[in-house]
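Residues take their numbers from the sequence shown, with the count starting at 1.
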Amino acid sequence: MSDVLRIEDLHVSVGGKLILRGVSLEIRRGEIHALMGPNGSGKSTLGMAIMGHPAYEVTEGRIELNGQDILSMDPHERARAGLFMAFQRPVAIPGVKMVDFLRHAATNIRRPDRKEGEELLPLREFRKELRAKMEQLRIDPEFARRYVNDGFSGGEMKRAEILQMAILRPKFAILDETDSGLDVDAVRLASQSIAEIGRREIGLLIITHHERLLEYNRPDFTHVMLGGRIVESGGPELAERLHREGYDSIRASYPEAAAYGDSLVKSAS
């Protein structure tokens, strides 16, 4: 039986304000799900709640990984269990080289019972693995010697996230608007890289406004979020229609959800 990530009737509040209002979604390992919707619909909130960000309070519902409720797990425990998130705005870690960061992260994922002070993955073997992944993703080897996201361009930050996914090999990955702030060529390269790493071995939840990131990652399922709810689901043709037509017809079909989403955007501005 394949790995399954299941979200049931999820309600999430941020700062006392209800953002998600009953989201249900099931993702199997190897599937590609696109989550689309206008600003303020709750897409990023869903990703943060899955990963256990402390500012995102789950007030109702469940999140299960292979039948186990993960809501009591800390974020690092969820990561060890096989969850990964590529952030929309990754943070910089000055003074920490990419190679060292990735070696520590990979050790913690692959050796979950490792005690503090015990050996990391052998450096020579890890460097060989890292070089192979960087070559596959067409990343300059010097990238490994740079400090994590320190002085990186937007495209470099997003590629660093994809490199982390390649090294950590999660069961499920949430990609939170990996295409934001990138030009057309950078988005195409990111899309190709994600496809090469995923290869139907990872369950992908791709959060995006546009279809560009889906060029090489054709979704099995497309979901439209509006006002904290998934209001429509379909196949790749739904993503294509949204790319052509935008969200006006969706908003017209679900006026209550549209009004709720608008109120959240106004309160945040």
Side-chain angles (χ1 to χ4, degrees), residues 1-6 27-32 47-48 50-53 63-87 90-93 95-149 156-176 178 190 193-206 217:
M1 182 181 294
S2 64
D3 296 299
V4 181
L5 177 64
R6 182 176 292 111
I27 305 172
R28 295 186 177 275
R29 191 171 185 177
E31 293 178 345
I32 299 175
M48 292 294 191
I50 292 172
M51 294 308 301
H53 193 296
I63 305 174
E64 296 180 349
L65 178 58
N66 295 331
Q68 180 182 8
D69 193 334
I70 66 169
L71 291 180
S72 61
M73 293 183 179
D74 290 333
H76 73 275
E77 294 173 318
R78 301 185 195 199
R80 284 178 174 172
L83 300 181
F84 173 87
M85 185 168 181
F87 293 95
V91 299
I93 312 178
V96 178
K97 292 181 179 179
M98 282 292 300
V99 60
D100 297 327
F101 172 76
L102 290 171
R103 185 180 174 215
H104 277 78
T107 300
N108 286 324
I109 293 296
R110 298 177 197 178
R111 298 178 180 174
D113 298 325
R114 170 182 169 269
K115 302 294 189 297
E116 188 174 349
E118 290 183 358
E119 262 189 56
L120 301 173
L121 294 173
L123 182 57
R124 180 176 296 181
E125 293 177 17
F126 181 75
R127 280 180 172 168
K128 182 179 179 180
E129 177 187 353
L130 181 59
R131 280 196 300 269
K133 291 298 183 185
M134 294 178 77
E135 183 177 342
Q136 180 185 6
L137 296 173
R138 296 173 292 281
I139 297 175
D140 188 325
E142 287 298 316
F143 197 80
R145 299 183 179 89
R146 297 174 64 184
Y147 297 148
V148 179
N149 293 326
E156 287 174 332
M157 286 185 181
K158 303 304 174 68
R159 300 197 73 203
E161 298 281 280
I162 296 169
L163 179 60
Q164 290 175 45
M165 183 172 70
I167 292 295
L168 299 180
R169 303 194 295 267
K171 296 172 182 174
F172 296 94
I174 303 159
L175 309 182
D176 187 10
T178 300
S193 300
I194 292 165
E196 287 191 24
I197 295 304
R199 292 198 182 280
R200 296 295 180 176
E201 295 178 0
I202 300 173
L204 291 176
L205 178 61
I206 301 177
N217 301 277

Measuring only between side-chain heavy atoms, which start at C-beta, is [X] closer than 4.5 Å to [Y]?
{"X": "K171", "Y": "N66", "result": "yes"}
{"X": "L83", "Y": "F172", "result": "yes"}
{"X": "M165", "Y": "I202", "result": "yes"}
{"X": "I139", "Y": "K133", "result": "no"}
{"X": "R131", "Y": "K128", "result": "yes"}
{"X": "I109", "Y": "I167", "result": "no"}
{"X": "M98", "Y": "L163", "result": "yes"}
{"X": "M85", "Y": "H53", "result": "no"}

Donor-acceptor check, side chain of [X] to backbone of [Y], threshold 3.5 angstrom: yes or no?
{"X": "R111", "Y": "E119", "answer": "yes"}
{"X": "S2", "Y": "R29", "answer": "no"}
{"X": "R127", "Y": "P122", "answer": "no"}

F126 atom CZ, neighbour heavy-atom count above 12 within 6.0 Å: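 Check passes, neighbour count above 12.
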Residue R146 excluded, over 12 heavy atoms near CZ under 6.0 Å: yes
With E64 via side-chain hydrogen bond (donor to acceptor under 3.5 Å, both in side chains) - residues at least two apart: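 E64 satisfies side-chain hydrogen bond (donor to acceptor under 3.5 Å, both in side chains) with R62 only.
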Non-neighbouring partners of H76 that pass ring-ring contact (aromatic ring centres under 6.0 Å, His included), sequence neighbours left out: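 Here no residue qualifies.
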Contact summary for I162 and A190, nearest pair of heavy atoms: CD1-O, 3.8 Å
R110 bridged to E129 by N-O distance under 4.0 Å: yes
Cationic N near anionic O, under 4.0 Å, R145 to E142: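 Answer for the salt bridge query: yes.
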Rounded distance [0.5 Å steps], OG1 in T178 versus CD1 in I194: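 That separation rounds to 5.0 Å.
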Interatomic distance, L204 atom CG to E31 atom CD [nearest 0.5 angstrom]: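 Interatomic distance, L204 CG to E31 CD, rounded to 0.5 Å: 10.5 Å.
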